[in-house]
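Read through the structure below, which is laid out as structure tokens, and then see the notes.
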Amino acid sequence: MAKCLVLLFLCLVMVSINVANTMNETCVGDISIVLQIDLYKNSCPEAESIIYSWVENAVSQDSRMAASLLRLHFHDCFVNGCDGSVLLDDTEDFTGEKNALPNLNSLRGFEVIDAIKSELESVCPQTVSCADILATAARDSVVISGGPSWEVEMGRKDSLGASKEAATNNIPGPNSTVPMLVAKFQNVGLSFNDMIALSGAHTLGMARCSTFSSRLQGSNGPDIDLDFLQNLQQLCSQTDGNSRLARLDLVSPATFDNQYYINLLSGEGLLPSDQALVTDDYQTRQLVLSYAEDPLAFFEDFKNSMLKMGSLGVLTGTDGQIRGNCRVVN
């Protein structure tokens, strides 16, 4: 009992002596988990500019890459925390998360992360983790696409393993109902409001016809726009229809804005899980309405929810490592 009290006291002291706007510290049991702004200011001062440069170049060549890099961070954090596990390749004696159903033939952008890591290793070896690269690249993708900026808190270590099972079970699917979405987000420590705000990331990117096939049946009630439905049916009825891509946001597909929420209100949500936010639940509909009317409110809540998500399940100390190659454990 006395030992627990001492550990609790030490943890509280550590929190109190740090400035709130530069450090996010959480006490879990007897472990102090620290994420800090400007962590690499002295050890790798070029880190953020290197990451930004590679992301900017990748997005300039392929605007869809912004959504892909943002999605990598999401899919990483939803599986045992933001620890870079999503980047690990399968080997003969190791199973990663890349072939889990939500990720298979879907996640992309790994080569951009490889390029960033390679340059960082040449400039400041064994300093910047792959998990921190993912968090920063996600922020930069939003900024480059016209969205809000925020100070990324650093200090994550990279995992020593991965979980294909957790990736299969934890990541929300495109046909999720509102209760299913709420449960998946709450399971990792994110709130109802976080779920609505983070869903706004679907203002960027594309989805395969196979992920929204139920939207093509015409049985979605009065809340689906008929012209929108007919265009999707035409696209997905072509040869290899299931693999064809449709934009999540038809109006401004490469711009991070609040158009996603406006689209939902007009019945033009691409994924069933997106349109459900308007059709299936009064509370979610009200938040969608508020973000459709106030883009600055959406930006502020999205930023805060990204910071919250980025601090989930982080590894520190000997629980993790800083990989030299993001695809393999050292």
Side-chain angles (χ1 to χ4, degrees), residues 7-8 10-52 54-55 69-70 72-88 113 116-121 123-143 149-162 188-190 194 198 303-327 329-330:
L7 289 169
L8 178 60
L10 288 173
C11 195
L12 290 172
V13 169
M14 289 179 68
V15 173
S16 67
I17 63 174
N18 288 297
V19 180
N21 65 350
T22 60
M23 185 172 289
N24 174 16
E25 182 160 348
T26 307
C27 299
V28 182
D30 61 348
I31 301 172
S32 178
I33 299 173
V34 180
L35 293 181
Q36 185 176 347
I37 292 169
D38 291 331
L39 180 66
Y40 303 119
K41 185 176 182 179
N42 296 319
S43 59
C44 192
E46 298 176 58
E48 290 200 52
S49 62
I50 288 171
I51 296 170
Y52 185 91
W54 278 104
V55 173
L69 293 173
L70 180 56
L72 272 181
H73 183 45
F74 271 75
H75 283 224
D76 184 36
C77 294
F78 264 79
V79 183
N80 300 327
C82 310
D83 58 5
S85 60
V86 73
L87 302 173
L88 291 170
I113 302 301
I116 293 169
K117 184 60 175 174
S118 178
E119 182 170 351
L120 286 172
E121 285 300 301
V123 174
C124 36
Q126 289 291 295
T127 303
V128 183
S129 69
C130 300
D132 278 351
I133 292 172
L134 283 177
T136 308
R139 185 272 314 275
D140 292 347
S141 295
V142 171
V143 172
S149 183
W150 60 91
E151 294 284 355
V152 176
E153 296 169 325
M154 310 283 198
R156 303 164 188 79
K157 290 290 184 70
D158 297 322
S159 70
L160 305 177
V188 298
L190 295 171
D194 293 324
L198 292 173
K303 175 186 70 175
N304 291 332
S305 292
M306 285 294 291
L307 284 166
K308 185 176 178 181
M309 185 183 75
S311 68
L312 296 175
V314 297
L315 301 175
T316 59
T318 56
D319 289 333
Q321 62 180 210
I322 296 174
R323 296 184 207 135
N325 178 343
C326 291
R327 293 176 179 265
V329 175
N330 293 344

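By convention here, the first residue in the shown sequence is residue 1.
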Which pair of heavy atoms, one from [X] and one from [Y], lies closest together, and at what distance?
X: Cys124; Y: Ser43; answer: CB-O, 3.8 Å
X: Ala131; Y: Gly84; answer: CB-N, 3.7 Å
X: Ala47; Y: Tyr40; answer: CB-CB, 4.4 Å
X: Ala162; Y: Ser85; answer: CB-O, 4.0 Å
X: Asp194; Y: Ser305; answer: OD1-OG, 2.7 Å
X: Leu88; Y: Cys326; answer: CD2-O, 3.8 Å

Next item on the list: Would you check, one step at a time, whether the test side-chain contact (heavy atoms from CB on, under 4.5 Å) holds for Leu312 with Leu190?
Entry: CA-CA 9 Å; Leu312 296 175; Leu190 295 171; 4.0 Å; yes

Has [X] got a side-chain atom pairing as donor or acceptor with [Y]'s backbone, closer than 3.5 angstrom?
X: Arg323; Y: Ser159; answer: yes
X: Ser129; Y: Arg156; answer: yes
X: Lys117; Y: Val128; answer: yes
X: Asn330; Y: Gly324; answer: yes
X: Glu153; Y: Ser311; answer: no

What's the verdict on side-chain contact (heavy atoms from CB on, under 4.5 Å) for Thr136 and Arg139, showing C-alpha distance, side-chain angles and the deciding distance? CA-CA 5 Å; Thr136 308; Arg139 185 272 314 275; 3.5 Å; yes

State, yes or no, whether a side-chain contact exists between [X] and [Y] at a heavy-atom distance under 4.5 Å.
X: Glu46; Y: Ser49; answer: yes
X: Asp140; Y: Trp54; answer: no
X: Asp83; Y: Asp76; answer: yes
X: Asp158; Y: Leu87; answer: no

How long is the gap from [atom1] on [X] to [atom2] on [Y], to the nearest 0.5 Å?
X: Glu48; Y: Leu120; atom1: CD; atom2: CG; result: 10.5 Å
X: Leu70; Y: Ser141; atom1: CG; atom2: OG; result: 6.5 Å
X: Leu307; Y: Trp150; atom1: CG; atom2: CH2; result: 7.5 Å
X: Ile133; Y: Leu69; atom1: CD1; atom2: CG; result: 11.5 Å
X: Lys157; Y: Asp319; atom1: NZ; atom2: CG; result: 9.0 Å
X: Leu198; Y: Phe78; atom1: CG; atom2: CZ; result: 7.0 Å

| said: Does Ile322 form a side-chain contact (heavy atoms from CB on, under 4.5 Å) with Thr127? I'd like the steps, not just the answer. | reply: CA-CA 7 Å; Ile322 296 174; Thr127 303; 5.6 Å; no

Might you work through the side-chain contact (heavy atoms from CB on, under 4.5 Å) test for Ile116 and Val55, ending with a clear yes or no?
CA-CA 9 Å; Ile116 293 169; Val55 173; 4.2 Å; yes

